[in-house]
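Single-structure report; data block below.
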Amino acid sequence: MPIDQMRQVLDSMETSVKLRCQARAQRRAEEAERERRTFQEKLMRAAVTKTESDSMVSAVKGRENAVQRDQLIGMMMAGF
């Protein structure tokens with residue numbers, strides 16, 4: 001095989017290896033981006049859930065305080 005043909009084969013192989021490496025790197029980058037987005041979505045859902053639960057806790061505490069206040073006022077009105 002002449003040197004020119006060997007050089008062409010080697011260049012072709014080199015190009016093929018480079019393209020495969022680039023494609024693999026691109027797939028890894030896309031997968032990392034998908035994982036990052038998924039993680040961000042989970043964080044957002046967790047934040048919303050925490051906010052909702054904090055709101056519910058606050059509402060329950062507010063109701064408990066209102067009941068205690070009403071009981072105290074009732075006792076004061078009854079003369080205790």
Side-chain angles (χ1 to χ4, degrees):
M1 186 184 283
I3 297 223
D4 288 340
Q5 285 179 340
M6 289 174 70
R7 184 165 197 73
Q8 285 178 341
V9 168
L10 288 175
D11 286 345
S12 176
M13 289 172 61
E14 182 181 7
T15 301
S16 175
V17 169
K18 285 179 182 178
L19 289 174
R20 274 189 272 144
C21 286
Q22 286 175 351
R24 197 174 306 127
Q26 180 67 28
R27 282 192 302 272
R28 281 194 307 264
E30 289 169 356
E31 179 64 25
E33 179 62 22
R34 275 193 300 276
E35 289 177 3
R36 185 190 68 77
R37 273 190 250 124
T38 301
F39 181 70
Q40 289 288 352
E41 289 174 11
K42 287 179 182 177
L43 282 178
M44 292 296 285
R45 276 187 254 132
V48 167
T49 300
K50 182 177 180 343
T51 302
E52 289 174 348
S53 64
D54 288 349
S55 175
M56 290 171 61
V57 166
S58 177
V60 168
K61 285 182 181 178
R63 281 188 224 115
E64 287 175 351
N65 289 341
V67 167
Q68 288 177 355
R69 183 188 64 235
D70 292 346
Q71 289 173 346
L72 181 61
I73 291 174
M75 290 171 63
M76 289 171 55
M77 298 292 258
F80 287 105

> So, are Arg37 and Glu33 salt-bridged, with charged N and O less than 4.0 Å apart?
Replying inline: yes

>> Going by salt bridge (charged side-chain N to carboxylate O under 4.0 Å, His left out), name the pairs with one or both residues in residues 5-20, residues two or more places apart or in two chains.
In response: Glu14-Lys18

> Of all residues at least two apart in sequence or in a different chain, which pass the side-chain hydrogen bond (donor to acceptor under 3.5 Å, both in side chains) check with Gln5?
Replying inline: none

>> Is it the case that the side chain of Ser53 and the backbone of Thr49 share a donor-acceptor pair, with hydrogens and angles ignored and the cut-off at 3.5 Å?
In response: yes

> Who pairs with Gln68 by side-chain hydrogen bond (donor to acceptor under 3.5 Å, both in side chains), at least two apart in sequence or on another chain?
Replying inline: none

>> According to side-chain hydrogen bond (donor to acceptor under 3.5 Å, both in side chains), who are the partners of Glu30, at least two apart in sequence or on a separate chain?
In response: Gln26

>> Given Glu31, which partner from the list Arg27, Arg34, Arg28 fulfils the side-chain contact (heavy atoms from CB on, under 4.5 Å) test?
In response: Arg34

Mind listing the side-chain donor-acceptor pairs of residues 39-48 below 3.5 Å, one per line with the distance, residues two or more places apart or on another chain?
none

> Run the side-chain contact (heavy atoms from CB on, under 4.5 Å) check on Gln22 and Leu19 step by step: do they pass?
Replying inline: CA-CA 5 Å; Gln22 286 175 351; Leu19 289 174; 3.7 Å; yes

> Which pairs with one or both residues in residues 53-62 pass salt bridge (charged side-chain N to carboxylate O under 4.0 Å, His left out), sequence neighbours excluded?
Replying inline: Lys50-Asp54

